[in-house]
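Here the structure is laid out as structure tokens; the discussion comes afterwards.
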Amino acid sequence: MSHTYQLQVYWERIMDRLFDQEDHQWLRKKVDGIEERGQRLQRLTFNIHPYHRVAYENQTHIQYLLTISLLIKSGRYHFLEEGHYHGEARFVGEELTDHLVRTEMLEGNKVSKPLPVDVATDQDRERSRFTYNRREAVRYADRWWDSYNPAYKSFDVDCTNYVSQCIRAGGASTWGAPNRTKGWWYGSGNWSYSWTVAHALRWYLGGARKGLTATEVSTADQLSPGDIICYDFQGDGRFDHNTFVVRKDSNGMPLVNAHTSNSRHRYWAYEDSTAYTPDIQYKFYKIDG
């Protein structure tokens, strides 16, 4: 029996006892959350895609992509939540001995302090104002949620790069090049920290007064498709992750797209994330324009 087939059988057993399995708490939280929000899971499908294999002596290590699709009924409407999650399995002989699934990969080198932001005059802000096309931004987000636009560099931790591309597709103004600590921009094989680093974008959005600007709101339900959510999973003041709002559910709450663990129409709170902690903090930003 091949190791790939064993992984397939393993996940079939998990799905068969979806509502009472304890092996993958993140998946249990996902399906429990659907019910708690008054929605209904109508279908769940999955696929296994091994992409790296190392064998030595009697051991085999396999890295694979777990793709999950959930058809959810929300009020009178249906939506499809999709996600790619990275799994690692170790076999000793034919026995599966260790298994890990990560639903988020965090930045290894976070920026610990706020980066400089512009303190432009009101006249400068008026001059750089743009019209934000939310429909085009969301269209871009759905086009590239599970792949990578070759016009941009992709990163192992790609969440903020993806969010920046979505905002740019909506017509947001870039500025600050070639100073990487200034503004928000991408071009000529280079980019600002705020374009690619989760913590840097959070601080940029919180203080920028020209080019791309945003207004912080207090709750997620105040956001619209085209807006941004920033996540500090540990609650330590350093932000780890950003997502892009693409639609609202029947309760008026955001569904988001994201990269790194690529996902589409995922519920905004990320309580089903393996990175989630009870200390999580959020920032909610409405893009101006």
Side-chain angles (χ1 to χ4, degrees), residues 1-35 39-55 59-74 78-91 94-106 140-150 154-159 162 241 243-244 246-247 249 255-268 270-276:
M1 182 185 301
S2 74
H3 293 138
T4 300
Y5 179 73
Q6 285 180 262
L7 285 172
Q8 181 75 22
V9 171
Y10 172 88
W11 279 107
E12 287 175 355
R13 290 173 179 167
I14 293 293
M15 301 306 173
D16 284 344
R17 52 191 178 92
L18 189 61
F19 292 93
D20 62 1
Q21 62 85 24
E22 300 294 337
D23 297 307
H24 295 280
Q25 288 295 323
W26 63 273
L27 186 57
R28 178 67 182 269
K29 288 180 181 178
K30 184 181 289 290
V31 296
D32 285 348
I34 292 169
E35 292 194 337
Q39 300 168 343
R40 183 177 178 183
L41 176 61
Q42 297 202 308
R43 186 178 70 242
L44 187 154
T45 59
F46 75 95
N47 285 293
I48 299 291
H49 304 278
Y51 60 84
H52 186 68
R53 181 180 182 272
V54 175
Q59 297 189 31
T60 304
H61 293 254
I62 295 178
Q63 293 177 296
Y64 67 94
L65 196 65
L66 171 67
T67 300
I68 293 181
S69 298
L70 304 95
L71 181 64
I72 300 169
K73 185 175 182 181
S74 178
H78 292 79
F79 67 90
L80 189 66
E81 177 183 335
E82 301 176 273
H84 297 325
Y85 307 107
H86 295 273
E88 299 180 14
R90 182 168 73 97
F91 293 85
E94 296 300 312
E95 181 183 359
L96 177 59
T97 59
D98 294 293
H99 198 189
L100 171 69
V101 172
R102 293 170 298 161
T103 64
E104 257 63 55
M105 295 171 59
L106 306 183
Y140 184 97
D142 279 340
R143 166 65 180 85
W144 294 105
W145 79 268
D146 63 344
S147 58
Y148 300 86
N149 186 342
S154 61
F155 299 86
D156 290 338
V157 180
D158 199 62
C159 62
Y162 168 73
H241 187 54
T243 65
F244 188 78
V246 291
R247 63 179 296 174
D249 68 11
L255 302 176
V256 300
N257 286 13
H259 263 198
T260 303
S261 289
N262 297 357
S263 53
R264 175 177 179 263
H265 296 176
R266 185 172 178 175
Y267 190 71
W268 72 271
Y270 266 61
E271 293 176 342
D272 59 336
S273 170
T274 53
Y276 178 88

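The side chain to side chain donor-acceptor pair (under 3.5 Å) test applied to Ser261 returns no partner, not counting sequence neighbours. Applying the ring-ring contact (aromatic ring centres under 6.0 Å, His included) criterion to Phe91, with sequence neighbours excluded, gives His3. Listed by chain and residue number, Gln25, Arg28 satisfy the side chain to side chain donor-acceptor pair (under 3.5 Å) test with Glu22 (two or more places apart in sequence, or in another chain).
The shortest non-hydrogen separation linking Ala258 to Tyr270 is CB-OH, 3.3 Å. Between Ser147 and Asn262, the closest heavy-atom pair is N-ND2, 4.4 Å. Contact between Tyr64 and Pro50 at its shortest, heavy atoms only, is CB-CA, 3.6 Å. In terms of heavy atoms, Leu80 sits closest to Ser69 at CD1-CB, 4.2 Å. Nearest approach of His86 to Thr260, heavy atoms of both residues: NE2-O, 3.7 Å. Scanning both residues, Trp144 and Pro150, for their nearest heavy atoms gives CH2-CD, 3.8 Å.
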* To do: Determine, stepwise, if the pair Arg266 / Ser273 fulfils side chain to side chain contact (heavy atoms under 4.5 Å, CB included).
  => CA-CA 11 Å; Arg266 185 172 178 175; Ser273 170; 3.7 Å; yes
* To do: Test side chain to side chain contact (heavy atoms under 4.5 Å, CB included) on Ile68 and Leu66 and set out the steps.
  => CA-CA 6 Å; Ile68 293 181; Leu66 171 67; 3.9 Å; yes
* **Audit row: Thr67, Glu82, side chain to side chain contact (heavy atoms under 4.5 Å, CB included) steps and yes/no** => CA-CA 7 Å; Thr67 300; Glu82 301 176 273; over 6 Å; no
* To do: Would you please test Leu18 and Leu41 for side chain to side chain contact (heavy atoms under 4.5 Å, CB included) and show each step?
  => CA-CA 11 Å; Leu18 189 61; Leu41 176 61; 3.8 Å; yes
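The backbone N or O of Tyr85 lies less than 3.5 Å from no partner atom in the side chain of Thr103, so there is not a single donor-acceptor pair. Panel note: side chain Gln42, backbone Lys73; no donor-acceptor pair is recorded below 3.5 Å. Listed for the Asn257 side chain is no donor-acceptor partner under 3.5 Å among the backbone atoms of Thr243.
In this structure the side chain of His61 never reaches within 4.5 angstrom of the side chain of His52, judged on heavy atoms. Residues Met15 and Thr45 are not in side-chain contact: their nearest non-hydrogen atoms beyond the backbone lie 4.5 Å or more apart. Inter-residue side-chain proximity for His265 and Val246 is flagged as met; some heavy-atom pair is nearer than 4.5 Å. At a threshold of 4.5 Å between non-hydrogen side-chain atoms, the residues Tyr267 and Leu255 count as touching. The shortest distance between side-chain heavy atoms of Leu70 and Ile34 falls below 4.5 Å. The side-chain heavy atoms of Asn149 and Tyr140, taken from C-beta on, include a pair separated by under 4.5 Å.
The OG1 atom of Thr4 sits 9.5 Å away from the CD atom of Gln6 when rounded to the nearest 0.5 Å. Distance check: Leu65 CG to Asp146 CG gives 10.0 Å after rounding to the nearest 0.5 Å. Note that the CD atom of Gln21 and the CG atom of Leu27 stand 5.5 Å from one another [nearest 0.5 Å]. Between atom CD1 of residue Ile72 and atom CD of residue Glu35 there is a gap of 11.0 Å, rounded to the nearest 0.5 Å. A distance of 12.0 Å separates OG of Ser74 from CD of Glu81, quoted to the nearest 0.5 Å.
Note on ring orientation: taking the six-membered ring where Trp is involved, the planes of Trp11 and Phe46 are tilted (angle from 30° to 60°). Ring-plane geometry between His24 and Trp26 is classed as perpendicular, the angle between the planes exceeding 60 degrees on a 0 to 90 degree scale with a lower cut at 30.
Residues His49 and His84 place their aromatic rings such that the two centres sit no closer than 6.0 Å.
Partner of Asp23 under the side-chain hydrogen bond (donor to acceptor under 3.5 Å, both in side chains) criterion, out of Arg17, Arg13, His99: Arg17 alone.
Looking only at atom types and distance, the side chain of His259 has a donor-acceptor partner in the side chain of Asp158 under 3.5 Å away.
Taking a 6.0 Å sphere around CG of Asp156, one finds it holds 12 or fewer heavy atoms contributed by other residues, nucleotides or ligands.
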